[in-house]
Amino acid sequence: MAMKAAAIKLKAAAAPSTGFRALLFSTSRFPFNQPSPAQKPPPAEPSTNLFVSGLSKRTTNEGLRGAFEKFGNVVDAKVVCDRVSGFSKGFGFVRYATLQEAEAGIKGMDGQFLDGWVIFAEYARPRNPSPPTQNGASNGFSSTNFR
DNA sequence: GATGAGCGT
């Protein structure tokens with residue numbers, strides 16, 4: 001009947017008078033500080049191996065090495081590329097001869113430009129050793145032990 | 001591949 005319509009009208013008429021609503025929101029604090037202890041810690045322990053991200057997809061191993069060689073003796077420099085497409089994944093690794101050089105490399109190259117991109121250099125995490133045929137056999141057997 | 005966070009065939 002007409003009562004329904006009246007109720008709706010009443011509800012619509014109960015518009016918030018300016019002031020109260022803003023007060024409620026102003027007192028509410030956003031969860032800016034997460035109580036979770038699993039915050040990602042600053043990445044890296046010192047190592048001669050460096051992880052370089054933010055690379056341009058045109059940057060190659062030589063470009064990477066050339067940029068980091070100015071701060072130390074680069075033993076190895078590699079841009080990680082997709083195995084099938086061959087395109088760069090946009091990050092790579094640089095290995096220095098000493099930790100001092102690695103430190104100098106980070107301080108010298110982190111936040112710098114390379115091929116038009118800002119790159120980030122940090123210590124690389126230890127990697128899973130899974131290169132096959134490291135000692136001839138990775139399954140415990142070897143041809144010298146097998147008859 | 002269109003400027004995109006990440007830890008390596």
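FYI, side chains are in, hydrogens and waters are out, and symmetry mates aren't considered; it's all heavy atoms of this structure. Just so it is clear: chains get the letters A, B, ... in the order the sequence lines come, proteins before strands, and each one is counted from 1.
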I need the [atom1]-[atom2] distance between [X] and [N], as an integer number of Å.
X: A/Leu50; N: B/dG8; atom1: CG; atom2: C1'; value: 14 Å
X: A/Arg95; N: B/dC7; atom1: CZ; atom2: P; value: 18 Å
X: A/Phe91; N: B/dG6; atom1: CZ; atom2: C1'; value: 6 Å
X: A/Phe87; N: B/dA2; atom1: CZ; atom2: C1'; value: 13 Å
X: A/Glu122; N: B/dA5; atom1: CD; atom2: P; value: 15 Å

For B/dA5, does either OP1 or OP2 sit under 4.0 Å from a side-chain N or O belonging to A/Lys89?
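No, no such contact exists.
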Check this one for me: any side-chain N or O of A/Arg83 less than 4.0 Å away from OP1 or OP2 of B/dT9?
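False: A/Arg83 side-chain N/O out of range (4.0 Å or more) of B/dT9 OP1/OP2.
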Strictly distance-based, threshold 3.5 Å: is any side-chain N or O of [X] a donor or acceptor partner for the main-chain N or O of [Y]?
X: A/Asn73; Y: A/Ala97; answer: no
X: A/Thr60; Y: A/Gly63; answer: no
X: A/Arg65; Y: A/Lys78; answer: no
X: A/Tyr96; Y: A/Phe71; answer: no
X: A/Asn61; Y: A/Val79; answer: yes
X: A/Glu101; Y: A/Thr98; answer: yes

I'd like the P distance from B/dG6 over to B/dA2, given in whole Å.
22 Å
Please tell me which of A/Asn49 and A/Ser85 maps to the more 5' nucleotide of DNA chain B, matching each residue to the nucleotide holding its nearest heavy atom.
A/Ser85
For A/Trp117 and for A/Gly86, find the nucleotide of DNA chain B with the closest heavy atom, then tell me which residue's nucleotide is more 5'.
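Mapping each residue to its closest nucleotide by heavy atoms, the 5'-most match is A/Gly86.
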In Å, rounded to the nearest 0.5 Å, how long is the span from OG1 of A/Thr48 to CG of A/Leu99?
6.0 Å
To the nearest 0.5 Å, tell me how far A/Phe68 CZ sits from A/Leu50 CG.
6.0 Å
Any residue of [range] with a heavy atom less than 4.0 Å from an atom of DNA chain B:
range: residues 72-82 of chain A; result: A/Asp76, A/Lys78, A/Val80, A/Cys81
range: residues 97-115 of chain A; result: none
range: residues 58-71 of chain A; result: none

Need one value for A/Gly54: base, sugar-phosphate or nothing, where a base atom within 4.0 Å counts as base even if backbone is also close, heavy atoms only.
base
Got A/Val52 and A/Phe93 here, is their nearest side-chain heavy-atom distance under 4.5 Å?
no
Kindly indicate whether the side chain of A/Leu55, heavy atoms from C-beta on, has any atom under 4.5 Å from the side chain of A/Trp117.
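Contact flag for A/Leu55/A/Trp117 side chains = no.
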Does the ring centre of A/Phe91 sit less than 6.0 Å away from the ring centre of A/Phe51?
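Here the rings of A/Phe91 and A/Phe51 have centres that are less than 6.0 Å from each other.
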Stacking between A/Phe93 and B/dG8, defined as ring centres under 5.5 angstrom apart with planes under 30°, is that present or not?
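Given the distance and angle limits, yes, they stack.
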